[in-house]
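Step one of this worksheet: look at the structure below.
Values in this document were obtained by computation on a predicted structure and should not be read as measured data.
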Amino acid sequence: MRILISNDDGIQAKGLESLVKAFCAREHTVVVSAPARQQSGMAHALNVGRPLELIRGEALAEKYGIEAWAVDGTPTDSVKLYLEALAEEKPDVVVSGINHGANLATDILYSGTVGAAMEGMLHDIASFAVSLDIASTISYNEAAEEFALILERVMAARLAADEPRPVFWNVNFPRAYALGEDGRPQVVFGRQGKRDYKNAFLRQEREDGRIFYTVAGEIFDTDKSEPTDIYAVEQGYIAVTPLMVDLTDYIAIEKLLDR
């Protein structure tokens, strides 16, 4: 397969390199187009009207013998620029990650990791956002190896079934695995939960009178019932949430048409 890898932690992130390493070892064709620097929380943001500097990712290119680019922009910029301006051949898969920290529940709405994968989906490419709990005992390399197996199984099954509709999955690895009877990590499919934060903003007033607020806060989950991604990772499972980009409220349309 031809796999485009991006992220929101920047091209130098260890999580991204772990994916490159895992897929190169399996002899897939790997291309990297990722932000030049940290871009967490950028969601699906896109720069419009600002020139985006394109820099060769020399370190990854030399180490793994791949095409690699650093983009002075958002995660979405990185994927969109490669697909629409640089790619001579369309990738089979877009993978964003491995993010430093989970992207669960309603946090996916803010996630640059998910935003990069979403851009792949908008180009009708199978796309995956991959994240690892910030306190996980699972290493990036271990998570990348496990995810590579998942992706290969998924894509092989889709090919065998001649399934035309691309997947858009949000994948989260837990702090530690709850192994199944076969001694392997278990994958659980579920919906996104609901997450908020207590004391979400830290206020700071400086000597000159200027006031600043910094996003912080403690996690406060309002929905982590058994079908959710939060529940799955808390039980030690690899949580997979199939996502979609259509935000239409079809129930509301039906009610309006019935009036």
Decide, yes or no, whether a salt bridge links Glu205 with Arg203 under the criterion of side-chain N to carboxylate O below 4.0 Å.
yes

Working to the nearest 0.5 angstrom, can you tell me the gap between Glu218 CD and Lys198 NZ?
7.0 Å

Please tell me whether Glu17 and Tyr140 have a donor and an acceptor in their side chains that are separated by less than 3.5 angstrom.
no

Enclosure of Tyr64 OH (heavy-atom neighbours >12, cutoff 6.0 Å):
yes

Any idea which heavy atoms bring Ile66 and Val32 closest together, and the distance?
CD1-CG2, 3.9 Å

Under a 3.5 Å cutoff, is there a donor and acceptor pairing between the side chains of Asp246 and Thr248?
yes

Distance, nearest 0.5 Å, that separates CD of Glu142 from CG of Leu132
9.5 Å

Sidechain N-carboxylate O distance under 4.0 Å for Arg50, Asp72:
yes

Nearest heavy atoms of Phe168 and Val245, plus distance in Å
CE2-CG1, 4.0 Å

For Tyr197 and Asp107, test the side chains for any donor-to-acceptor distance below 3.5 angstrom and give the result as yes or no.
yes

Taking every heavy atom of Thr76 against every heavy atom of Ala116, the minimum-distance pair comes out as OG1-N, 4.3 Å

So if you build clusters from Ile, Leu, Val, Met, Phe, Trp, Tyr with side-chain heavy-atom gaps below 4.5 Å, do Ile3 and Val31 land together?
no

Do Phe173 and Ile98 have side chains that get closer than 4.5 Å, going by heavy atoms?
no

Which heavy atom of Gly115 sits nearest to which heavy atom of His44, and what is that distance?
O-CD2, 3.1 Å

Do Val71 and Ser33 come close enough that some side-chain heavy atom pair is under 4.5 Å?
yes

So, Glu53 side chain and Ile55 main chain: donor-acceptor pair closer than 3.5 Å or not?
no

Find out whether Phe201 and Val215 are in side-chain contact, i.e. whether some heavy atom of one side chain is under 4.5 Å from a heavy atom of the other.
yes

Test side chain to side chain donor-acceptor pair (under 3.5 Å), reference Asn103, set Ser40, Ser111, Ser96, output is Ser111

Parallel, tilted or perpendicular: which describes the rings of Trp169 and Phe128, with under 30° parallel and over 60° perpendicular?
perpendicular

Answer whether the closest heavy-atom distance between the side chains of Leu4 and His123 falls below 4.5 Å.
no

Find the distance between CD1 (Ile11) and CD (Gln39) and round it off to the nearest 0.5 Å.
13.0 Å

Minimal heavy-atom distance between Ile230 and Ala105, with the atoms involved, is CD1-CB, 3.6 Å

So do the side chains of Leu16 and Asp9 get within less than 4.5 Å of each other, counting heavy atoms only?
no

Nearest 0.5 Å, please: how far is CG in Leu86 from NZ in Lys80?
13.0 Å

Kindly compute the distance separating OG1 (Thr241) from CG (Leu104), expressed to the nearest 0.5 Å.
7.5 Å

Carboxylate-amine/guanidinium contact Lys21 Glu145, below 4.0 Å
no

Please tell me if the side chains of Arg184 and Tyr177 come closer than 4.5 Å, counting only heavy atoms from C-beta onward.
no

Using only atom types and a distance under 3.5 Å, with no angle test, would you say the side chain of Asn99 pairs donor to acceptor with the backbone of Ser131?
no

Side chains of Asp249 and Lys255 in contact at under 4.5 Å (non-hydrogen atoms)
no

Judged by atom type as modelled, is there a donor-acceptor pair below 3.5 Å linking the side chain of Gln186 to the main-chain atoms of Ala178?
yes

Could you grab the distance from atom CG of Leu46 to atom CG of Asp77, nearest 0.5 Å is fine?
5.0 Å

Side chain to side chain donor-acceptor pair (under 3.5 Å) partner of Asp223, the single match among Arg195, Lys194, Arg191, Gln192
Arg191

Side chains of Ile238 and Asn172, heavy atoms from C-beta outward: is any pair under 4.5 Å?
no

